[in-house]
Amino acid sequence: MLLSLCLRVTGLLLLSASLSGCYYLQAAGGQLSVMNKRVPIDEVIEDTATPAELARRLALIRDAREFASAALALPDNKSYRSFSDLERDYVVWNVVAAPEFSVESQTWCFPVAGCVGYRGYFNKAAAERKARKLARQGNDVFVAGVAAYSTLGRFSDPVLSTMLRWEDDRIVAVLFHELAHQVLYIKNDTPFNESFASAVEEFGIEQWLRQRGKSDQFAAWQRRRTLQQSMTGLVLAAREELSVVYASGVNEDAMRERKLRILDKLGADFDALFDEYGVVAPEWRSQPLNNARLAVWSAYESHVPAFRRLFESCERQFECFYAAARELSELDEAERTSRLEALAGGGV
């Protein structure tokens with residue numbers, strides 16, 4: 001599955017005693033269920049009843065986990081050293097909502113994770129009920145299945161059976177991405193957090209594949225990443241067009257017509273990209289393109305070019321890169337964004 005055909009399929013688990021009762025209970029219960037299913041990866045591999053392909057993939061993940069700490073300076077802890085078989089397609093389902101005439105998603109705020117543009121449910125039916133409620137309030141909505149998430153190191157996160165839907169290098173890349181959240185995460189700045197983790201993922205998978213003598217696989221990974229970035233570029237351009245329409249002051253019927261025209265063109269542009277890359281992706285049309293889907297799509301890539309330059313300025317040394325990223329994270333949001341934009345443009 002291509003990373004950005006629906007929504008970035010990773011997320012953060014948002015647990016807090018301050019959440020409303022029902023939401024807190026489902027979140028706490030869902031997290032407890034995931035934790036209770038954990039089995040050390042070594043035990044699963046050594047069990048003679050374990051299917052050979054599962055044992056192979058878990059051995060690969062075990063090797064990548066050691067590589068993450070030894071070569072990428074990612075946390076050396078108990079995260080991703082166990083396995084949870086969830087016996088379902090996704091671990092959680094994220095609900096995203098945006099007003100009919102706004103490119104900004106609704107946010108929910110939590111003491112640990114800060115304010116984020118989605119709300120996660122361990123039960124698909126509950127997520128769909130919330131989405132219907134938000135839609136009745138006049139919002140565009142989007143429900144995305146999530147195959148992996150991070151608790152920011154608060155728990156010893158396991159490798160999930162839902163992650164095994166991906167090819168090998170995708171699983172390894174997500175492992176690096178989620179561990180990067182444990183290195184650096186700041187409240188209320190999803191683009192910074194996700195771009196940082198996406199950059200670590202990119203640097204890490206390159207080193208991982210080259211170290212294993214699989215440069216050809218890295219070329220394939222880069223091609224998928226280029227497609228992802230091209231799609232993100234189309235989304236950003238469409239959001240800019242939509243923001244102009246929404247600020248134009250025309251009547252609502254005219255805005256709806258222009259909105260539909262922009263989204264239809266975006267869908268056609270996506271189809272053309274898929275044809276160019278030889279990708280068959282019927283699942284991306286399973287839900288309509290709308291403000292909610294576009295709002296969350298761009299968060300994972302917006303600052304990656306800036307982090308690439310920062311990594312190069314550190315001569316590709318991870319400890320230096322993490323320290324430089326932490327310095328950026330300590331700036332106020334406006335200055336942080338300005339510095340990132342300057343980096344992306346070739347400044348310092």
Side-chain angles (χ1 to χ4, degrees), residues 1-15 23 26-27 30-31 34 86 88-99 102-108 110 113 115-135 137 139-151 157 160-166 170-171 173-174 177-178 181 190-191 193-195 197-198 201 224 227-229 231-232 234-236 238-239 263 266-267 270 274 279 281-302:
M1 173 179 174
L2 282 167
L3 184 56
S4 58
L5 295 185
C6 300
L7 171 70
R8 178 72 160 204
V9 284
T10 61
L12 298 169
L13 180 66
L14 310 174
L15 290 179
Y23 184 79
Q26 71 85 27
Q31 173 65 14
V34 170
L86 303 182
R88 60 180 187 264
D89 291 337
Y90 296 104
V91 57
V92 295
W93 287 263
N94 281 348
V95 179
V96 186
S102 173
V103 296
E104 300 300 328
S105 63
Q106 182 175 336
T107 58
W108 289 272
F110 308 89
C115 298
V116 295
Y118 57 85
R119 193 173 174 96
Y121 292 84
F122 282 88
N123 180 277
K124 184 180 181 182
E128 291 174 339
R129 285 195 298 271
K130 181 65 175 180
R132 287 194 294 270
K133 180 178 179 180
L134 290 165
Q137 295 169 357
N139 294 290
D140 287 2
V141 298
F142 176 49
V143 179
V146 175
Y149 64 74
S150 171
T151 61
D157 296 325
L160 304 173
S161 57
T162 50
M163 297 166 63
L164 301 183
R165 64 195 299 118
W166 299 318
R170 180 71 230 129
I171 295 173
V174 168
H177 183 105
E178 299 302 342
H181 282 310
T190 297
N193 295 325
E194 296 301 342
S195 295
S198 293
E201 170 189 326
R224 293 195 300 272
L227 171 58
Q228 173 188 317
Q229 291 167 342
M231 295 173 73
T232 299
L234 292 173
V235 167
L236 293 174
R239 289 187 75 204
L263 293 175
L266 177 60
F270 277 178
F274 297 156
V279 171
E283 73 277 7
W284 84 271
R285 282 195 179 275
S286 61
Q287 296 186 63
L289 292 171
N290 59 28
N291 293 333
R293 194 169 181 186
L294 270 57
V296 72
W297 199 316
S298 60
Y300 287 77
E301 296 290 328
S302 54

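Just so we're clear, the structure is a prediction, and the values are computed from it rather than from any experiment. All heavy atoms count here, side chains included; hydrogens, waters and symmetry mates do not.
Under the 3.5 Å distance criterion, the side-chain polar atoms of N139 are left unmatched by any main-chain donor or acceptor of V141. With hydrogens and angles ignored, the 3.5 Å screen pairs no side-chain donor or acceptor of R119 with any backbone N or O of K130. Here the side chain of R170 pairs no donor or acceptor atom with the backbone of A173 at under 3.5 angstrom. Under a 3.5 Å cut-off, the side chain of S102 and the backbone N or O of A98 do not form any donor-acceptor pair. A distance-only check finds a donor-acceptor pair linking the side chain of Q287 to the backbone of V143 [under 3.5 Å].
Residues L134 and Q106 form a side-chain contact, since some pair of their non-hydrogen atoms from C-beta on lies under 4.5 Å apart. Counting only heavy atoms from C-beta outward, the side chains of L289 and V235 never approach each other to under 4.5 Å. V95 is not listed as a side-chain neighbour of Y118, based on a closest heavy-atom distance of 4.5 Å or more. In this structure the side chain of R224 never reaches within 4.5 angstrom of the side chain of V279, judged on heavy atoms.
Atom CG of N290 is separated from atom CG of L263 by 7.5 Å, given to the nearest 0.5 angstrom. Distance check, rounded to the nearest 0.5 Å: CG of D140 to CG of L294 gives 9.5 Å. Atoms CZ and CG, on F142 and N291 in that order, are 13.0 Å from each other to the nearest 0.5 Å. A distance of 10.5 Å separates CG of N94 from OH of Y121, quoted to the nearest 0.5 Å.
Smallest separation of non-hydrogen atoms from R293 and P288: CD-O, 3.7 Å. A147 and L160 get closest at one heavy-atom pair: O-CD1, 3.7 Å. Scanning all heavy atoms of the two residues, the minimum distance from G145 to Y90 falls at C-CD2, 3.3 Å. V174 and A148 make their closest contact through CG1-CB, 4.1 Å (heavy atoms, listed as atom of the first residue, atom of the second, distance). Closest heavy-atom contact between G117 and V96: O-CG1, 3.5 Å.
Shown are H181, E178, Q31; of these, the side-chain contact (heavy atoms from CB on, under 4.5 Å) with Y149 is made only by Q31.
In this structure, the side-chain hydrogen bond (donor to acceptor under 3.5 Å, both in side chains) partners of D157, at least two apart in sequence or on a different chain, are T151. Every residue meeting the salt bridge (Lys or Arg N to Asp or Glu O under 4.0 Å) condition with E104, not counting sequence neighbours, appears here in chain and number order: R239. Residues satisfying the ring-ring contact (aromatic ring centres under 6.0 Å, His included) criterion with F270, sequence neighbours excluded, are W284, W297.
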Determine, step by step, whether V146 and W93 satisfy the side-chain contact (heavy atoms from CB on, under 4.5 Å) criterion, reporting the C-alpha distance in whole Å, the side-chain angles of both residues, the deciding distance to 0.1 Å, and the verdict. CA-CA 6 Å; V146 175; W93 287 263; over 6 Å; no

